[in-house]
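Nothing here was measured: the structure is a model prediction, and the numbers come from that model.
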Amino acid sequence: MTLRGAAGAGPDDAGAGDGSGAPVTVLTPSAPVRSCTGQVGAGFRDLLVRELYRAWEITESGPGPWPELLDPPPLHRRHAAWAQVTVRDTGAGEPGALPGKVRGRMRALVTALEEAGAVDAHAWPHPFPSEPGDIRYAIGLGATPPDAGRIAAVGGRWAAGLAGVEVALVAGGDVPTPAGPRSARTSPDK
């Protein structure tokens, strides 16, 4: 991985990047090795830098850092609001195809939200609990999110052609917090 830009100086001239000029170069961890660079914007690069420094500080703080390192991030403190993507199975098309189409277009939605003013936008990678038959995804909009009208306009353009898909602005506390501490997992030192 190579970091570039405001949050961290990177080896721009060292030839370590992929030549794309993207804020972060990320490759898949196993064969076949592919670039995931297109999935990372400047806001996510800055978040990655903050999280790496946080992890470093935790590991330097003393023995037994695993419970704190494995706890979910403080998402409700990072985002004042969220773009909630709701997928309702309308019964049209191949069963189960709609969620895959939505996930495949998620980076395009994050990019559109960044361009609409949510410079710290990033998608939560897993759906969260919702009504039976619905799947909901959350995209954090940072400390200063765009207003509901802008979210509706961006979401409407993005969801065009996806029957049963809606994008709406929701308050920070209206998205469930990920499950509690994951410290019960086996840590690498065990």
Side-chain angles (χ1 to χ4, degrees), residues 5-7 22-24 26 28 35-52 54 70-182:
V24 176
V26 180
T28 56
S35 174
C36 299
T37 302
Q39 302 297 315
V40 180
F44 194 78
R45 178 224 31 228
D46 294 346
L47 173 64
L48 180 60
V49 168
R50 286 191 306 271
E51 285 297 309
L52 288 171
R54 177 182 166 271
L70 297 175
D71 276 346
L75 297 177
H76 290 91
R77 282 186 246 146
R78 277 190 198 150
H79 303 288
W82 299 78
Q84 177 178 277
V85 179
T86 303
V87 181
R88 289 191 174 88
D89 188 0
T90 61
E94 186 178 327
L98 188 57
K101 288 179 181 179
V102 168
R103 285 184 60 100
R105 292 186 182 185
M106 198 63 73
R107 179 62 210 163
L109 177 57
V110 172
T111 299
L113 291 168
E114 289 170 341
E115 291 170 355
V119 295
D120 294 331
H122 74 273
W124 187 244
H126 305 286
F128 61 88
S130 60
E131 301 296 319
D134 289 356
I135 300 172
R136 291 201 173 131
Y137 297 94
I139 299 173
L141 298 173
T144 55
D147 62 36
R150 288 184 97 175
I151 298 299
V154 168
R157 285 189 302 272
W158 175 82
L162 295 174
V165 177
E166 299 171 359
V167 180
L169 181 70
V170 296
D174 291 344
V175 172
T177 301
R182 295 178 276 174

(request) Scan Gln84, Met106, His122 and name whichever one has a side-chain contact (heavy atoms from CB on, under 4.5 Å) with Ile139. (result) Met106

(request) Before giving the answer on side chain to side chain contact (heavy atoms under 4.5 Å, CB included), spell out for Trp158 and Leu113 the whole-Å C-alpha distance, their side-chain angles and the decisive distance to 0.1 Å. (result) CA-CA 10 Å; Trp158 175 82; Leu113 291 168; over 6 Å; no

(message) Using every non-hydrogen atom in the two residues, find where Ala138 and Val175 come nearest and quote the distance to one decimal.
(response) CB-CG1, 3.9 Å

(message) For a quick test of reading the model, state the closest non-hydrogen atom pair linking Ala83 to Ile151 and the distance between them.
(response) CB-CG2, 4.4 Å

(request) Test Arg150 against Glu115 for salt bridge (charged side-chain N to carboxylate O under 4.0 Å, His left out), laying out the working first. (result) CA-CA 11 Å; Arg150 288 184 97 175; Glu115 291 170 355; over 6 Å; no

(message) On a heavy-atom basis, which atom in Leu98 and which in Ala163 lie closest, and how many Å separate them?
(response) CD2-O, 3.2 Å

(request) Any chance you could measure Glu51, atom CD, to Asp46, atom CG, to the nearest 0.5 Å? (result) 12.0 Å

(message) Check this for me: does any side-chain nitrogen of one of Glu131 and Arg88 sit under 4.0 Å from a carboxylate oxygen of the other?
(response) no

(request) Of all the heavy-atom pairs spanning Pro146 and Ala116, show the shortest one and how long it is. (result) CG-O, 3.8 Å

(request) For residues Val154 and Val167, determine if any side-chain heavy atom of one lies less than 4.5 Å from a side-chain heavy atom of the other. (result) no

(message) Restricting to non-hydrogen atoms, name the atom on Leu169 and the atom on Ala81 that form the minimum distance, rounded to 0.1 Å.
(response) CD1-CB, 3.7 Å

(message) Between Trp82 and Asp174 (side chain of the first, backbone of the second, donor and acceptor by atom type, cut-off under 3.5 Å), is there such a pair?
(response) no

(message) On a heavy-atom basis, which atom in Ala159 and which in Val165 lie closest, and how many Å separate them?
(response) CB-O, 3.8 Å

(request) Working to the nearest 0.5 Å, report the span between CG of Leu52 and CZ of Arg50. (result) 11.0 Å

